[in-house]
Structures are given as structure tokens and as C-alpha cells.
Amino acid sequence: MTPLDSRVPAGPLAEKWDRHKFEMQLVNPANKRKHPIIVVGTGLAGASAAATLSELGYRVQCFCFHDSPRRAHSIAAQGGINAAKNYQNDGDSVFRLFYDTIKGGDFRAREANVYRLAQVSGNIIDQCAAQGVPFAREYGGLLANRSFGGAQVSRTFYARGQTGQQLLLGAYQALERQIGRGAVEMHPHTEMLDLVVVDGRARGIVVRDLVTGRIESYAAHAVVLATGGYGNVFFLSTNARNCNVTATWRAYKRGAAFGNPCFTQIHPTCIPVSGDYQSKLTLMSESLRNDGRVWVPARIGDARPPRDIPEDERDYFLERKYPSFGNLAPRDIASRAAKQACDEGRGVGPTRLGVYLDFADAIARVGAQAIRDRYGNLFDMYERITDENPYAVPMRIYPAVHYTMGGLWVDYNLMSTIPGLHVIGEANFSDHGANRLGASALMQGLADGYFVLPATIGDYLASTPFAPVDTSHPAFRAVEADVAERTTRLLGVRGNRTVDSFHRQLGKIMWEKCGMARTEAGLTEALADIPALREEFWRTVTVPGSGQELNQALEKAGRVADFLEFAELVCLDALHRTESCGGHFREESQTADGEALRDDAHFAYVAAWEYAGEGTAPVLNKEPLEFETVHLSQRSYK
Amino acid sequence: MDVTLRVWRQRGPSDPGGIVEYPATGVSPDASFLEMLDLVNEGLMARGEPPIAFAHDCREGICGACSLMIDGIAHGPMAGAATCQVHMRSFSDGATITIEPWRAAAFPVLKDLIVDRSALDRIIAAGGFVTAATGGAQDANAVLVPKEAADRAMDAAACIGCGACVAACPNASASLFTAAKVSHLGLMPQGQPERSRRVIRMVAQMDAEGFGDCTLFGECQDACPKEISIDVIARMHRDHMRAVWFGGEERAETGPG
Ligand SMILES: Cc1cc2nc3c(=O)[nH]c(=O)nc-3n(C[C@H](O)[C@H](O)[C@H](O)COP(=O)(O)OP(=O)(O)OC[C@H]3O[C@@H](n4cnc5c(N)ncnc54)[C@H](O)[C@@H]3O)c2cc1C
Ligand code: FES
């Protein structure tokens, strides 16, 4: 492979992006429509990119597997979006947001990317407000803010508990405007099943029309993947049911390096698992930790109802362990602390895998109505699912898989190791290091889509000579044949085990052996279990129906088949990284008081895995991380 | 608990379709309605039979994918909830439950319980936006938005685009959906410049898609999982009337509204 070139521009950190924007080549306005671009995905990243590229004059073809671009998983984000506006006059700045993000990510992200993210964060809020996004307001009409984990300033913008929905609708409406003008060709209900690379460059995709089953090809000058994260490799997660790794995994198998696949985020505040019929886990927004206090009984085995446990027999463990951040400690830290409390036998609820999130003090302080105004829809959601009233009894929460920091490796221009293949949003590995701070995924998705990619992709298009390639090129036939072969194989097994049963079993392996605490022994076992399960899948899975129709079983089977391959890479990455950092906790590497212990001497790099062929171990490439501005330090939230 | 399902099965758009009965046994009352369907589908697939096709994704009431008529009620028995938020504890043990797709001329059935709702996207494409190309925005606090306006706009913007309003309406009208967007943007200062043009175009598109007229039955607001009030429709009618009478240039451009 070509050595990893991060293409970080020279110059002082604060000037890199401006300088780079000036130095990049521009596409002449009249030539833009001669460059077709494929955008796969219509979440915050994809919708904002497709709309903006089309506004700039490029010819955009946009794809999503959902029946409407508005249903992308971004719609479910609740809590908010960060921006360094300093509207609250509480000491925020671009530098502070940059610093918090680098530190929150446990020093495993690229400085230059993160700084740029903080720089454009303010523009995002301006852009969304101009689109009519109904952000929360103060009585005077100014924008309101709230606090989120890992920060001591109030920089999170929100729209009730539906921030992702409102931001996505803003981007979706901008996209629909372009569709209405005929400037974007939208292909909903269409799933990308492979990438087409011609002469070393990404030149198109092969898709399946999910309604008719037809396999089709599309050609372009550049391909943008905005296909979201892979949290569903764990089966149970807070992600929407259909989120999957197929697009990025297929691109990996065509030569795109996969960055830090083991960096997955476990969110501390989710509704605990209640039974084995369960199909997904529900997040209770982190914003609740602004007012809720997390506790467990101080005594092991104390099974009294929560309200009968007196104050001095409770352990507010986050406040005790992290006095300066308290209940707003970052996610990885809060999740591990909850797991520890449960491991000690102090967990609550029927399964004992839960901790309390208690609003009694907040209700006494500001009144039930104020709490209802802030979190009403979340409280309703909780009650609907658990049949318990959180105004009267404390919520029960437990950590759950939520987000994936890992993703396809990209350079400063958001281009993968395949020239012409760009990757944005949760699908890339770029900005969050080993742990993402709350309200920063929406920021990153929109930064990539509205501001970064539309600038950097022009440089690629302007500086690349494009041989005329259309879908009649033999490379498309070859990839179509691969796709058809895979479909035929899935339908042909005709075994007796359902796809979901495999997915569930894979999830269990991943959660137990590659979840909140990882060990060499556990990961080694997982690396034996996964191929065995995969082998069984291809021998005994049943996929009813045919390929020439709307077939949800077939869709799911293809996605789970890819998860069964991808899971191995996650474990391999987790095994090789013997340090602990952020969400990646190796039990072998911890401080005396149980905090993650980094090993900067050996692991201050991005692991970018390169596919080496079926049955061959992937190649590990390393992009060293250089910290010129921030000082590498042991993270402390005490 | 055990229930009997009567489910609409239809192999494709041109298949006539019909009701098929399935038992669902040993269901936990804490399972969601869709988890109960998962269970039935697992059983079907283990026998090599095609599963019941239904749309779903987020399973927490926000993506708008799920869309089932349960015993003739859009999204089932629970007020203010989407299908995916209904739990089996809302049904009694031994019940017979009928499950059908949304029914509307503008929502053709694709398979079983899945319908084509792309008409709703086309209504948005016709005008459900603020024209604000990326890059030109001024500071977000430069335009003040009274809290009350923002709150009311948010009430309307909460629409998840599921189409339950259409399914519940005896006329299969998409007025609640369209009016929710008209109201959201019409309540925000940013939405003012295009207010007339927006409502004229969206209403024209709604008609062109074959949705019925609104005769203010109010079934839509009862079915809406986000409990959007029918008041938005009155607001849309006012805006539309004003736009048609005073819209001037817009009116000329788009023909009679
Ligand atoms: C419950 C929940 C709450 C959250 N809350 C917050 C929050 O408050 N703040 C915050 O900052 N972040 C939050 N996050 C994280 C954030 O929502 C996501 O990281 C972000 O929205 C991802 O956006 P995206 O555009 O990268 O991808 P997505 O929104 O996941 O979109 C992926 C798109 O790709 C398409 N797609 C995928 N694969 C294919 C394929 N093979 N072919 C065709 N199309 C494909 C899909 O159809 C979809 O359109 C939350 C996440 C969850 C799960
Ligand atoms: S599945 Fe998303 S709203 Fe029901």
C-alpha cells in the first residue's frame, strides 16, 4: 500500500485550514457539472454533503437504503450539538473545544482535524439557524445552551430532545430542494453492495434496488461514503436496527484502510436489558446527567426500594470519584464506573445490571414542571418502555453500545487510501480518537458535509485527469458478478438457522469479549469463536424468498455476513492494542485506581488495517500521531 | 402471553393480497409489538417461509418508518406513540389482533405491510424548505426568535413523516403532514421570505399526488404519534388563502393555487 499520508498542511495549527483552502485547486464553476459525484448515505453527513455539492454545481447522485432520506439514523440523536460560540460567556473558545475533544478522545486523534472541526463548529449553528431549525431559545430570543459530558462550559445547542431530528430535517429539506430542482438524482431504497475501483481510483458503486431486487451500477468521478457507524456488530445497541457495516467493509475489501476498528463507545445512560426477546437498546440522553444524580446502594446486596435507602447509605460514585466533573464525567469513564459498581454486586433492578439515575434533588430544586420542560419526552419514553414513572422513582440505567469512533481511515481531505473515495460522518475514523464526547458526532457529521468535504473534494477533482469510464467498463461487470454470486450463495444455503440467531450470537461474543473490558484471553477466544460462527452461518443459515423481490431476510443476511467478517478485525485490533485508552479498556493496562492507562511510547498511532486477501491476516499500517500543541497527559476528571 | 394475528400478506404491488392467520405464543408482555412480530418471523423463517415484511428502523418512535394499522387504528391502541413504541402489555392475553398496511391511493403497497410513501418527500421537495445555500449564513444570534414562536415551531416540526395522518383520514388527505411543515417554517422568521410560495407549491403537490381533501374530521391528530394539533391545518388554509389572493408574482408563476 502507499504509505499513509495524512496530508496535514504545514503552518501553525490555527492557520492550517485557511491556508489549505487557499492552496487547494479549485474547479472552475462551469466545469463543476462535468463532475458526477456519488454520495452514499443521507444522514447528517450525507444529506448535508449532497445538498452542498449540488448547490456548488456538481452533478450528484445520492443513495440510501431507507425508503426516504429523512429516516437516516441521525434522526434519533437526542441531546444536542456542540459549537464553540461562547454565547454563554463562560470561557469557551475554538481552542477550548479543540482541547476538550483531543483530551476527551484520550489523545488518539489528529490535532489538525480536530482543530478544524472546532473552527467550523460555529458556522454549523449559523447554517442550521438560517434553515429554520427550531433550536431551543431563551425568552429574549437568543439561542439556549446546555452542558454535556467532558466539558465544563455550556456549549451544546439543542431542539428539545430531538436535536438530531431537527438538524437532519434541515439537511434533508436542503437536499429535497435540490432534488426538486432536478439537481440531485435521489435513489432511496437502494443499497450499495460494493465499490468499483478502476485504475486505482474509486469510480462507482454496485447497488441493489431493494424494491425490485435489481443489481445496478453507477459511475462517477468520486464516491463519498456517509454510511454511518457499525455499532450493530454487537447486535444490541442504541443504533437503529438497520445500521450496518456493509458499505465501509466492502470498500475495505477493495483497498481502503480501516482505522482503529476497536474504538467503540459504550454509552453510560441506556435503559437496561430486560429480556432475550429484546431487539435494541434505548438511549436516555446524556443531557439527563445535567440534573440526574447517579448512585447505587453503598452496601452489597441492599435490595430495599430506592426511596427507602437513606442518603448516607447511598454511593453517588461519579461525584465521589470525579469531584470536579461529577455526573458529567465523560462516557467511557462513567460507563466503566457503572460496570464496576455492578461487578461489585451493588447493581440494581431485576437483573442487577443497572444503576440509578435520580432526579429527586433536581425536582425538589426547580420543580417537576421545569424538569418536564427539559426532558419531558425522555421521561415519557422511559415510562413507556419500563412501565415505571421516573418522576416518582429513580430511572435505572446501564451502559450500552452506542457509537463507533473507528471507521475508514481518511487523510486531512477526508479521502481514504483509495483515491477518489471520500468518507464522512461516523463512517470515517477521524476526529474522536478513542472516545467521543457527547454532542460531537452531530457536529462532526455536519462539519464534514457542509464545510470540509465540499472544499476538499474540489482539489481532488481539479487535480485528477479522468479517463472516460462508464458502467459499460469491464470493472463494473466484474463487481456486479461478485455481488450476484454473493446473493446466490446466501439464498442457496437453505439451512435451518435464522439470520438473527447468528447476529444475536455474534453480538454476545462481542459484548462479552470485546465490550467494556477486554483481555488478551477473551479476545483470543473471540478470534476463535467468530470464524467458527461464520463457518456455521454459511453452512446452516436460512434465507427464504428470492433475489428478485423486496426481501428483508436477504438484506439482513448480507449485512450479518459482513458483520461476521468485520467482527474479527475489531477483535484483532483490540488484541494488538495492549494499552487502554478511551473506550478501549484492556484490563492488563490500568492505573492503581482502575483508570485506563495509556502507553504513549508504543501506541500513539492510528492503526490502519489493510486487507490482504481472503484467509490472509490483514496488514497493520501505522499513522503516528504527533502532538505539537497539546501536551500528552494522563487524562484526569477528578 | 398468547395472541392470534390476522396479517395482511401481499407478495408485490400487483398481487391482490389477503389476510393470513398466525399464532404468536409465549410472548413477553414487556416485548414491544415489533419484537412480537420478530418472534413470529423467526418462526416462519426457521420453516423456510418468507417473513412478514414490515418497515421499521429506529424502534424508538422517531424515524417514522414503522407504519401498521393495528385493529383498524393507525399505530395501534396507544395515543401519542408510533407502532414501535407499543408494548404487548397493551393487549390482553388471548386477543386476536388484525394488522394491515396504511391504505391510501397515494401509498401503493410494495409488499405485505410496506407501502411507498415517496409522495411525502415530493411534497417537501416542492417547497418544504428555506432556501439557504451553505455558506452565506449570518451569526445565528443575529436573528432573534421569540421563545414562544420557537416552541410552537418545534411542536409542528416534531412530525416524523410516518403517514399515519393519511392512513387515519377517511379522505386519505395529507393535510396534517403538509401543514406541519408549512407551520414550522411559517412560524420562524427565517421562513418568512418564502412563505407564500411555499404553501402554494406544497398544497399543489399534495393535490397532484392524489391525496384527498381535508374535511376537518380530526382523525389525523388522534393518530399522530407526535400529537400534532389540527390547528396547523387551519393555519395552512389561512396562509394558502392569503398567498392565493395576495401572492402576486407567486401566483402568476405557479398558476392558480
Ligand atoms: C440514540 C442515539 C442518540 C444520539 N445522540 C447524539 C447527540 O445527542 N449528539 C451527537 O452529537 N450525536 C449523537 N448520536 C450520534 C449521532 O447521531 C451519529 O453518530 C450520527 O448521526 C451519524 O450520522 P451519519 O450521517 O454519519 O450516519 P447515519 O445518520 O447513520 O446515516 C447513514 C446513512 O447511510 C445510509 N446507508 C448506510 N449503508 C448504506 C448502504 N450500504 N447503501 C446505501 N445507503 C446506506 C443510510 O440509509 C443512511 O442514510 C446519537 C446516536 C444514537 C444512536
Ligand atoms: S421504527 Fe422508527 S418510528 Fe417506529
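We use all heavy atoms of the structure for the numbers below, so side chains are in, but hydrogens, waters and symmetry mates are not.
- When heavy atoms are compared at a cutoff of 4.5 Å, B:Ile114 approaches chain A solely by way of its side chain, counted from C-beta outward.
- Using a 4.5 Å cut-off between heavy atoms, A:Arg384 contacts chain B through both its backbone and its side chain.
- The minimum heavy-atom distance linking A:Arg137 with B:Val143 is given by the pair NH1-O, 3.6 Å.
- Looking at B:Ile52, the atoms closer than 4.5 Å to chain A (heavy atoms on both sides) all sit in the backbone: N, CA, C or O.
- Taking a 6.0 Å sphere around CD of B:Glu148, one finds it holds 12 or fewer heavy atoms contributed by other residues, nucleotides or ligands.
- Between the A:Gln165 side chain and the B:Cys159 main chain, a donor and an acceptor come within less than 3.5 Å of each other.
- With a 4.5 angstrom heavy-atom cutoff, B:Ala158 touches chain A via backbone and side-chain atoms both.
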Check against side-chain contact (heavy atoms from CB on, under 4.5 Å), B:Arg11 and A:Glu549: CA-CA 9 Å; B:Arg11 293 166 75 171; A:Glu549 58 179 332; 5.9 Å; no

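- In this structure, the side chains of A:Gln127 and B:Thr134 come closer than 4.5 Å at one or more pairs of heavy atoms.
- Heavy-atom distances place the side chain of B:His184, and not its backbone, under 4.5 Å from chain A.
- Side-chain contact, A:Ser274 with B:Asp30: no donor N or O sits under 3.5 Å from an acceptor N or O.
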side-chain contact (heavy atoms from CB on, under 4.5 Å) assessment of B:Ile123 paired with A:Glu176: CA-CA 9 Å; B:Ile123 294 176; A:Glu176 286 295 339; over 6 Å; no

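- A:Gln166 contributes a side-chain N or O that, together with a main-chain N or O of B:Ala157, makes up a donor-acceptor pair within less than 3.5 Å.
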Residue pair B:Asp139, A:Lys85: steps toward the salt bridge (Lys or Arg N to Asp or Glu O under 4.0 Å) verdict: CA-CA 10 Å; B:Asp139 186 87; A:Lys85 281 286 199 185; 3.0 Å; yes

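- A 4.5 Å side-chain heavy-atom check between B:Arg59 and A:Thr282 finds every atom pair outside the cut-off.
- Ranked by heavy-atom pairs under 4.5 Å with chain A, the first of B:Leu185, B:Thr131, B:Leu187, B:Leu34 is B:Thr131.
- Neither the backbone nor the side chain of B:Asp116 comes within contact range of chain A; no heavy atoms are under 4.5 Å apart.
- Contacts of B:Leu39 with chain A are absent, with no heavy-atom separation under 4.5 Å from either backbone or side chain.
- For the pair B:Leu110 and A:His189, the minimum side-chain heavy-atom distance is below 4.5 Å.
- Interface residue A:Thr542: only side-chain heavy atoms are found under 4.5 Å from chain B.
- With hydrogens and angles disregarded, a donor-acceptor distance shorter than 3.5 Å links the side chain of A:Asn242 to the backbone of B:His56.
- Heavy atoms closer than 4.5 Å to chain B are found in the backbone of A:Thr386, but not in its side chain.
- At a 4.5 Å heavy-atom cutoff, the contact between A:Asp67 and chain B is made by backbone and side-chain atoms alike.
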side-chain contact (heavy atoms from CB on, under 4.5 Å) between A:Asp126 and B:Gln138, intermediate numbers included: CA-CA 6 Å; A:Asp126 300 343; B:Gln138 58 183 334; over 6 Å; no

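- Among A:Lys280, A:Arg241, A:His66, A:Arg71, the one residue that satisfies the side chain to side chain donor-acceptor pair (under 3.5 Å) test with B:Asp57 is A:His66.
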Verdict with reasoning, A:Glu138 to B:Lys147, per salt bridge (Lys or Arg N to Asp or Glu O under 4.0 Å): CA-CA 6 Å; A:Glu138 305 292 353; B:Lys147 184 175 184 315; over 6 Å; no

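- Of the atoms belonging to B:Val86, not a single heavy atom falls under 4.5 Å from chain A.
- A donor-acceptor pair is defined here as one N or O able to donate and one able to accept, closer than 3.5 Å; no such pair exists between the side chain of A:Gln131 and the backbone of B:Val130.
- In this structure, chain B has a heavy atom under 4.5 Å from the backbone of A:Phe135, while its side chain stays farther away.
- Of all the heavy atoms in A:Ala130 and B:Ala132, the pair that sits closest is O-CB, 4.0 Å.
- With a 4.5 Å cut-off on non-hydrogen atoms, A:Val133 touches chain B through its backbone but not through its side chain.
- Both the backbone and the side chain of B:Glu42 come within contact range of chain A, each with at least one heavy atom under 4.5 Å from a heavy atom of that chain.
- With a 4.5 Å cut-off on side-chain heavy atoms, B:Cys58 and A:His73 do not count as touching.
- Side-chain contact between B:His87 and A:Ile385 is present, with at least one heavy-atom pair separated by less than 4.5 Å.
- When all heavy atoms of A:Asp387 and B:Arg89 are compared, the pair lying nearest together is OD2-CD, 3.5 Å.
- Using a 4.5 Å cut-off between heavy atoms, B:Gln85 contacts chain A through both its backbone and its side chain.
- The shortest distance between side-chain heavy atoms of A:Gln162 and B:Met154 falls below 4.5 Å.
- At a 4.5 Å heavy-atom cutoff, the contact between A:Gln78 and chain B is made by side-chain atoms alone.
- At a 4.5 Å heavy-atom cutoff, the contact between A:Leu169 and chain B is made by side-chain atoms alone.
- Between A:Pro69 and B:Asp121, some side-chain heavy-atom pair lies under the 4.5 Å cut-off.
- Under a 3.5 Å cut-off, the side chain of A:Gln173 and the backbone N or O of B:Ile124 do not form any donor-acceptor pair.
- The 12-atom threshold is not exceeded at CG of A:Asp276, counting heavy atoms of other residues, nucleotides or ligands nearer than 6.0 Å.
- Of the listed residues (B:Pro13, B:Gly191, B:Ser28, B:Ala153), the greatest number of heavy-atom pairs within a distance under 4.5 Å of chain A belongs to B:Ser28.
- Within the 4.5 angstrom heavy-atom criterion, only side-chain atoms of B:Met78, from C-beta onward, approach chain A.
- A donor atom on one side chain and an acceptor atom on the other are not found under 3.5 Å apart for A:Tyr277 and B:Asp38.
- For the pair B:Pro51/A:Pro544, a side-chain contact is recorded, criterion being any heavy-atom separation below 4.5 Å from C-beta on.
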